[in-house]
Amino acid sequence: MWSLRLCNRGSRDLLLRITTASHRASTTDAAQVDEISGQDSTEVKPFSQIPGPKGLYNIPFLGTAFHFKPFTKYVPDDLLNVLSDARDKYGDIVKMRMGKDYIVYVYHPDYAKTVFQFPFKEHLRVGMDLSETFHDRSGVPRDLGTLQGDAWAALRKPSQEKMLRPAVVANYVPLIERVTNDFVEELRKKGSVDDLLKELMNYTTESVAMLCFNRRLGYLESNSDTEIVNLITKFFIDFQTSITMPFKTYKLFRTKLYKRFEKTYLDIYRIGKKEISAQRKMLEKLQKEGDLDQYLQDEPNFIYSLLNDTRMTDEKINSVIMSLFIAGIDSTANTIAFVLINLALNPEKQDRLYQEIKETMGDENTLTKEHLAEMSYLKACVKESQRLVFPLMLGAIRYLEEDIVLAGYHIPKNTLVHPNMNSMTLDERFYPRPTEYIPERWIRDTNDDIAKGQDFPFGMMPFGFGPRGCIGQRFAETEMYIGVAKVIQNFKIALPPGVTGVKTKLKTFTTPAESVCLHLTDRNISNV
Ligand code: HEM
């Protein structure tokens, strides 16, 4: 049984600091009343009293299994439904047994804010059991997503300097634009698309390869090799299965799932190593011939900046590139797919976006960073799609490093807390008319109830938050904005007649449950 009395002095100081900070935005007398729960926050309740399923549901491992078939109608892939049912039943904070441990789920942006703004030191990544088992067994060095503590910080810092600064990513606009032009040309040749996600996976593979390997892979050409796309798809399907399994048998045995995952990872690793070594040789040759300076002046070169960084060893560079390559393909392809689907389903929003593109670009064909800076409706269209179809199953989940008070309950150190964005983003308390696609809710200076969500930034964080947030956020946003803008600039898009929605499923990232066919009507501009 946990109680305040168990905290040491250091923890208690922290605990009070956090309580005050978390309610600064929403209460007049922060230390007294939690406005969300209506509880007196001076009366901190013990962890054991956090609402949640009772009785057998609390048995380690087995308790989790009781939430699924044959005990309920749900299969493990329906975990999000189990979690939203829990919110409806128990409120904005819920404690549930997940495997061995409890996870505390929170469903209010103010509670999410408290969690994300915790002064983490270790920045532990959680939920990566399958990857961690693989790295431990195989001896393949861990990547950014699985490293912890100092080893993670040593890799993250140099990579972040080269990836997250807006000015650095802005340099990639012309490169991404060129890839996008080729993508648009391929679409024009095809006239319509039978499997939207497949096309977009080729597009994001090609874009991320520009970042990671500084070369085009040729994935947009007809009859292209789709090895990487197939590997990344398998990677995330198996990863998804591993997250929702109540019993993580792969940790004990080399199960079928484990062996498949191991093979997939090693295949991706082999491709990455080959590309990096080719890039190194090419740069060495240019240097020998005295052409390197000119080559580097022409275009940004992420891999060169890593190879040239004295803090980075070959092993570290491989690890960074692996993380970016694996994390950067499926994520962005699925998100762009849903933006296009939502625009196809909402022709009046699509028209408004087209008007913005026309007004901003006029007769110009080349999309620049200055154009992007002016297109607020484009950004709103992307953001609204991420709200309506939240891109990830888990999103950011945190392992508390000290005791805190959350929603009036004492949460001890080492507890896993999950701000459940999948539920929050569809909650009408924060986002009125939550099931509708309304990009206008993200336009600044909208004095309407529809824009209420702007007051709850912590209710919608598709890229996570803080030092452990998504390192690829700026690259992904740039790619999504350019991809969507260029498709809409060139085509009027529609789903087949009679299609009024697209079902989703989880494959780590949220993905269309079936192939999506997209009709393209050329807007008759010969700009690429
Ligand atoms: C729409 C696309 C994307 C979404 C929704 C997304 C989302 C996320 C989220 C939620 C996290 C965890 C953040 C946290 O715990 O606070 C993350 C981590 C990460 N993302 Fe992304 N991401 C996207 C695109 C990308 C791209 C394009 C790249 C690389 C080019 C990338 C690379 C990574 C890496 C390496 C991590 C781990 C960072 C670390 O642990 O230090 N992501 N992403």
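Atom set for the values below is all heavy atoms of this structure, side chains included, hydrogens, waters and symmetry mates excluded. Model, not experiment: these values are computed from the prediction. Order of appearance sets the numbers: ligands from 1, and atoms from 1 within every ligand.
- Scanning the protein for heavy atoms near atom 14 (C) of ligand 1, the closest one is Arg468 O, 3.2 Å.
- Partner of Tyr377 under the side chain to side chain donor-acceptor pair (under 3.5 Å) criterion, chosen from Glu440, Glu356, Arg352: Glu440.
- Scanning the protein heavy atoms around atom 32 (C) of ligand 1, the nearest turns out to be Ala327 CB, 3.4 Å.
- Taking the charged nitrogens against the carboxylate oxygens, Lys121 and Asp150 have no contact shorter than 4.0 Å, which rules out a salt bridge.
- Taking atom 24 (C) of ligand 1 as the reference point, the nearest protein heavy-atom neighbour is Ser331 OG, 3.3 Å.
- Each of the following atoms of ligand 1 lies closer than 4.0 Å to a heavy atom of Leu144: 39 (C), 40 (O).
- Put simply, the side chain of Asn334 gets close to the backbone of Asp330: a donor and an acceptor are under 3.5 Å apart.
- With respect to atom 8 (C) of ligand 1, the closest heavy atom belonging to the protein is Cys470 CB, 3.6 Å.
- Between the side chain of Lys248 and the backbone N or O of Ser242, at least one donor-acceptor pair lies under 3.5 Å.
- The Gly469 neighbourhood of ligand 1 comprises atoms 13 (C), 14 (C), 16 (O), with distances under 4.0 Å to a heavy atom of that residue.
- For Tyr265 and His135, the ring centers sit closer than 6.0 Å to each other.
- Ligand 1 places these atoms under 4.0 Å from at least one heavy atom of Arg156: 38 (C), 39 (C), 41 (O).
- For atom 16 (O) of ligand 1, the nearest protein heavy atom (residue, atom name, distance) is Arg398 NH2, 2.7 Å.
- For atom 1 (C) of ligand 1, the nearest protein heavy atom (residue, atom name, distance) is Thr335 OG1, 3.3 Å.
- Counting protein heavy atoms only, atom 37 (C) of ligand 1 is closest to Arg125 NH2, 3.8 Å.
- The main-chain N or O of Ser131 is never found under 3.5 Å from a side-chain atom of Arg142 such that the two would form a donor-acceptor pair.
- Of the protein's heavy atoms, Leu324 O, 3.6 Å lies nearest to atom 29 (C) of ligand 1.
- Side-chain atoms of Ser385 never come within 3.5 Å of backbone atoms of Val382 as a donor-acceptor pair (strictly under, hydrogens ignored).
- Atoms of ligand 1 found under 4.0 Å from any heavy atom of Trp152, numbered from 1 in the order shown, are 39 (C), 40 (O), 41 (O).
- For ligand 1, the polar-atom distance check finds no N/O of Glu479 at less than 3.5 Å from any of the ligand's N/O atoms.
- Which parts of ligand 1 touch Pro391 is read off a 4.0 Å heavy-atom cut-off, strictly below it: atoms 5 (C).
- Taking both residues in full, the closest heavy atoms of Leu345 and Gly501 are given as CD2-N, 3.9 Å, listed atom of the first, atom of the second, then distance.
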